[in-house]
Novice: 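Below are the C-alpha cells for one structure; questions will follow.
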Amino acid sequence: MKTIFENVKILVEKGEGFEIVDGSIGIDGEKISFAGAAPEDVSGYQKIDGKGQLVMPGLINSHTHVYMTIFRNVADDLMFDDWLFGNILPREDKLLPGDSYWGTMLGIGEMLRSGTTAFLDMYIFTDENVQAAADSGIRAVMSRGLSGASDRDEGGERRLREATEEIKKWRAAAEGRLTFMLAPHAPYTCAPDYVEKVIGRARELGVGIHTHLAESRNEIKNIAEKYGCTPIEYMDRTGLFDLPTVAAHCVYLTDNDIDIFAAKGVSIATNPVSNLKLANGIAPVKKYLERGINVCLGTDGAASNNCLNMFRDLSFLTLLNKGLLEDPLAVSAEDGLKIATVNGAKALGLDDTGSIKAGNKADLIFIDLDRLNMFPHNNIISSLAYSANGSEVTRTIVNGKTLMENGELKTIDEERVRFEVARIADRINN
Ligand code: NI
C-alpha cells in the first residue's frame, strides 16, 4: 500500500533544529518513501489532499505507566507518601488479571488521539499490557517493573522470571513494533545485589534498562542515609549504566551525578507535569542539555499527571525552565520538540523513528493548522510548543498504518474500552 499526502507542510530536522517545508509526503508500506518534493512518477500511490495540515514525527512518550489510567483522579492533592502508600499501592493490590489490558487500551487511545506514536511503559502484569500494545497498532518499548530486597528475594526472582519469559515470548511479535527493556523500579525498591542480577539478565537478553532515579528529596535523603551516596552513584556502583539506560525524573542531580550520566550516555526522561503535581520539584533540563545529556520527555502515569497528553508536557517543559531560570531562552520551542521526538527515539533505541526522512518508519501525526488557536501561521514551530493542546491532531500513523483519523480510532473500540474501564474502576476505586 502506497499513499501520498499532497499540499502539506512538513516538519523536518535542519542542523540542530527544524524547518518547515512545503510539499508532499509518501508512505510505502511501513516506511516514509519521500518527504518534500514528490518524485516524478507517483503512479501506484493513493493520493490524499492534506491542505492546511502539518505533518510531523509522532511524539514519543519516554516514561509512563499506561495501565494507571484506571487510577486517574482517584488520589489527588495528597502528600507523596499518602498518595503512593495510602492510595495507589492498595488499589494496585485489587487489580485482577485482565484489568490492565483495558487500562492500557484506554491510555493508548488517549495517546493516539493526542499525537503520541510510541511510548516506554513500566507495569506490573505481564502479557496483557503487551497484548494491548500489540492489538492497538502503536509502537512501544515494554518493561515489567522489578523490585527485590536482595538477590535471593523470591518475589524479586519471580518478577524477573516473568519479565524474561514475556520478552522471549513477544520480542518477535507484532510486526516488530514491540521492543523490551528490564525495569529495576528505583533505588529504594531494589537492593544492590538484586540490581546486579537484573544487569546480568539484561546482558543475556540484549535489552536496555528503564528506571526511576532522583525523583524526590525524600529519596535523596533516604538513599544517603542508607548507602552514603546519591541514587545515581548507587546505581553507578552496580554497573547499571554500562547498559543503555533511560532514567525517569532525575529532578535532583549533583554535578557528579551529571558527570556520570554524561560519561555513560544515560538518557533522562523528564516528567514535568508529574513532578509538579506530586510537588517533587522541577528538573533543571537546561543544565542537562548543556552537558550533552540526551533528555527525552514522558508523561508518567495518569495517577500523577493526570493525562497522557504529550503536548501538555511539552508546553510545561519549555515554560517551567524559562520560569525556573528567569531565562526565556532556557528551553526553546525547538529544544522542546527535539526532546519530544528525536531524543525520545534515541533513548528508546528506535533508531529509524523520531524524524521525517526517506527510509524512516512512517510514525507520523497530522496537525490542523487552521484551528483558531494555531492561526495565523507566524511561527509554526512555536505554535506546536506554546499554542497546541493535542486536540489539533487529525491523523496518527504508526508503522505506515492510520490508527486515528479525525478523532476516530481505527483499531480500538472506544465504547467497549469505556465500558470495561468503568467496570474495573467501580470495583477498585469505590
Ligand atoms: Ni514513573
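We count ligands from 1, going down the list as the structure has it; atoms in each ligand are counted the same way.
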Novice: May I ask you to check whether His185 and Tyr188 place their ring centres under 6.0 Å from each other?
Specialist: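 Ring centres of His185 and Tyr188 closer than 6.0 Å.
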Novice: Less than 6.0 Å separating the ring centroids of Phe125 and Tyr101?
Specialist: no
Novice: Is there a side-chain contact between Glu92 and Met68 in this structure, where contact means two heavy atoms from C-beta onward sitting under 4.5 Å apart?
Specialist: yes
Novice: Could you name all protein N, O or S atoms found under 2.8 Å from the Ni ion (ligand 1)?
Specialist: His63 NE2, His65 NE2, His212 NE2, Asp300 OD1
Novice: Would you please name every residue forming a ring pair (Phe, Tyr, Trp, His ring centres under 6.0 Å) with Phe366, sequence neighbours left out?
Specialist: Phe5
Novice: Are the aromatic rings of Tyr234 and Tyr227 close, with centres under 6.0 Å apart?
Specialist: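 Yes.
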Novice: Is it true that the side chains of Glu392 and Asn373 contain a donor and an acceptor less than 3.5 Å apart?
Specialist: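 The answer is yes; a qualifying pair exists.
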